[in-house]
Peer 1: 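The structure is given below, and queries will be raised subsequently.
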There are 2 protein chains.
Amino acid sequence: MAGRAEITPLLAETFREHGYEGASLALICKATGLGKGSLYNLFPKGKEEMAAAVLDEVEVWFEREVFAPLATGGPAATAKMFDAVDAYFRSGGRVCLVGAFALADTRERFAARLRTYFTRWIDALSIALTAGGHKPRKARGRAEEVVAGVQGAIVLARALDDKAAFARVLERLRRRAASPQA
Amino acid sequence: MAGRAEITPLLAETFREHGYEGASLALICKATGLGKGSLYNLFPKGKEEMAAAVLDEVEVWFEREVFAPLATGGPAATAKMFDAVDAYFRSGGRVCLVGAFALADTRERFAARLRTYFTRWIDALSIALTAGGHKPRKARGRAEEVVAGVQGAIVLARALDDKAAFARVLERLRRRAASPQA
DNA sequence: GGATTTATGGACTGTTCGGTCCAAGTTAGT
DNA sequence: ACTAACTTGGACCGAACAGTCCATAAATCC
């Protein structure tokens, strides 16, 4: 039988595509190929647990692929972050679940986790930028701007139905982060 | 009796706070103080028409307060845009409905309007930046970055539950827009 | 003042929601 | 081969959804 590990990515795409409330159990069953009995067997606490499992997966991936590598510091680490982020968001073809959850009723359900995700990202990027020559206080402001920029690039790409918009904004953020004086 | 003009702003806040799907008719009745009969009298096509009326109001406001004034061009127009945007989003205390709609199932319902809103904003800001000394092609990239940045600042403020994050990011965007060479 | 029209609110409707239940199928153990 | 445990899917449940209906109230017209 399929386990949580196989099912959670499918849940993730369903929540990204439709949002928490838009992703009905009927849609989730269709996307996962499971009946409700099976879903509830894997996630006994129901839909909220499914979304929590998805957030777990997102956090684990970002910690491993983005936040921890940033600790090596410097421009190479920052550039690697941009590469990872570009790939993860499929160059603008994929919604950031955390950002989407922040803009809906889901925010209240997962408030601490949404906050931690962004705090962690900004902290990690601050450290990398500081190691790369940015003054600490400016680094933090820069990090916030970059993380906000990534989120905004996703919104823009989605609203314009234009992945290239994401790519252009990301490229600008990348160049800016690479330059301590700008 | 209260008309659409009085009711639509209340609808707008309800959709901003809860999202399209999260804003049930029960919530909408509560927020507007009307019964269903009255709501359906004002908006015979139902909930989707209420949301469309809200988008109308958003577009009219942005056209009048942001896009049209940008046509006067130059740094003063751009600065004025930042002032208007800061006030409109209550310094980070208010969600951008268009952005929120772009990240949920509502995107499909209102695709053309969401696209037009952002296209209009980027075009208008491009023109203002070009009049302010930015090279046209760079102005367009800059405009995209600014608009994306505003959206991202809203997501960040919301997720972090910290309006000051919005203010900081907006300030950086403002300074960047004011400087042709950065 | 009466007749007509419009606005009103909430009971009601059919549908969909998240979640529960359980018969049947599958797997594991002996 | 049999038994027990586990997994499965979908019928079913109660609640909530968007929307309809209609008796009543209010407004408008003459």
Side-chain angles (χ1 to χ4, degrees), chain A residues 1-57 97 100-101 103-111 113, chain B residues 1-57 97 100-101 103-111 113:
Chain A
M1 69 115 165
R4 280 171 69 119
E6 292 85 4
I7 296 303
T8 304
L10 301 173
L11 291 175
E13 292 314 315
T14 309
F15 283 126
R16 284 191 185 98
E17 192 62 30
H18 300 282
Y20 183 83
E21 279 141 350
S24 62
L25 289 181
L27 265 178
I28 288 171
C29 286
K30 199 179 225 180
T32 57
L34 298 177
K36 284 184 184 159
S38 309
L39 275 179
Y40 278 82
N41 185 43
L42 293 168
F43 304 94
K45 293 193 196 79
K47 194 177 179 187
E48 186 159 331
E49 187 181 350
M50 297 173 204
V54 164
L55 286 175
D56 284 345
E57 181 179 89
L97 192 71
F101 275 15
L103 294 184
D105 269 344
T106 23
R107 187 180 69 119
E108 287 168 31
R109 285 178 199 273
F110 301 113
R113 306 187 66 167
Chain B
M1 71 115 165
R4 279 172 69 120
E6 292 85 2
I7 296 301
T8 303
L10 302 174
L11 291 176
E13 292 313 316
T14 310
F15 284 128
R16 283 192 186 95
E17 191 61 32
H18 299 282
Y20 183 83
E21 279 138 352
S24 62
L25 288 181
L27 264 178
I28 288 170
C29 286
K30 199 180 225 180
T32 55
L34 299 176
K36 285 184 186 161
S38 309
L39 276 178
Y40 278 82
N41 184 45
L42 293 168
F43 304 93
K45 295 194 194 78
K47 195 179 177 187
E48 185 158 332
E49 186 181 350
M50 296 173 204
V54 164
L55 285 176
D56 284 343
E57 180 179 91
L97 191 70
F101 275 14
L103 293 185
D105 268 346
T106 24
R107 188 179 69 118
E108 285 167 33
R109 286 176 199 270
F110 301 113
R113 306 186 67 166

Peer 1: Report the nucleotide, chosen from dT8(C), dG18(C), dG19(D), that has the shortest atom-to-atom distance to any side-chain atom of N41(B).
Peer 2: dT8(C)
Peer 1: Can you check the E21(A) CD to dA18(D) C1' distance for me, whole Å?
Peer 2: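 Result: 15 Å.
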Peer 1: Think K47(B) forms a cation-pi with F15(B), using NZ or CZ under 6.0 Å from the six-ring centre and within 45 degrees of its axis?
Peer 2: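 No, a cation-pi geometry is absent between K47(B) and F15(B).
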Peer 1: How many angstroms lie between atom OG1 of T32(B) and atom CD of E13(B), to the nearest 0.5 angstrom?
Peer 2: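 Spacing of OG1 (T32(B)) from CD (E13(B)) equals 13.5 Å.
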Peer 1: Return the 5'-most residue of the pair M50(B), G35(A) with respect to DNA chain D, ranking by each residue's nearest nucleotide.
Peer 2: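 Nearest-nucleotide comparison on DNA chain D picks G35(A).
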Peer 1: How long is the line joining CD of E6(B) and C1' of dT8(C), in whole Å?
Peer 2: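 Roughly 16 Å, once rounded to whole Å.
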Peer 1: Roughly, in whole Å, what's the span from CG in L25(A) to P in dT15(C)?
Peer 2: 20 Å
Peer 1: Counting any heavy atom closer than 4.0 Å, what does K47(A) reach on the DNA or RNA strands: base, sugar-phosphate only, or nothing?
Peer 2: sugar-phosphate
Peer 1: Take atom CG of L39(B) and atom P of dC17(D), then tell me their distance rounded to the nearest Å.
Peer 2: 14 Å
Peer 1: If you check every side-chain atom of S38(A), which of dC12(C), dG9(D), dT20(C) has the closest atom?
Peer 2: dG9(D)
Peer 1: Rounding to a whole Å, what distance do you find between H18(B):NE2 and dC17(D):P?
Peer 2: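 Checked: the NE2 to P distance equals 12 Å.
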Peer 1: So do the side chains of E21(A) and T106(A) get within less than 4.5 Å of each other, counting heavy atoms only?
Peer 2: no
Peer 1: If you check every side-chain atom of S24(B), which of dT20(C), dC17(D), dC17(C) has the closest atom?
Peer 2: dC17(D)
Peer 1: For a quick check of understanding: with a heavy-atom distance under 4.0 Å over all strands, which category does G37(B) fall into, base, sugar-phosphate or nothing?
Peer 2: base
Peer 1: Would you mind telling me which of dA18(D), dA11(D), dT8(C) lies closest to the side-chain atoms of K36(B)?
Peer 2: dA18(D)
Peer 1: Flag the pair V54(B) / Y20(B) as yes when at least one side-chain heavy-atom distance between them is below 4.5 Å, and no otherwise.
Peer 2: no
Peer 1: Please report the distance, rounded to the nearest Å, between CD1 in I28(B) and P in dA18(D).
Peer 2: 7 Å
Peer 1: Check L11(A), L10(A), I7(A) against I28(A) for a side-chain contact (heavy atoms from CB on, under 4.5 Å) and give me the one that passes.
Peer 2: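 Filter result, single survivor: L11(A).
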Peer 1: In whole angstroms, how far is the P atom of dG9(C) from the NZ atom of K30(B)?
Peer 2: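 It is 16 Å, rounded to the nearest whole Å.
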Peer 1: Rounded off to whole Å, could you give me the OH-to-P distance for the Y40(B) and dA7(C) pair?
Peer 2: 17 Å
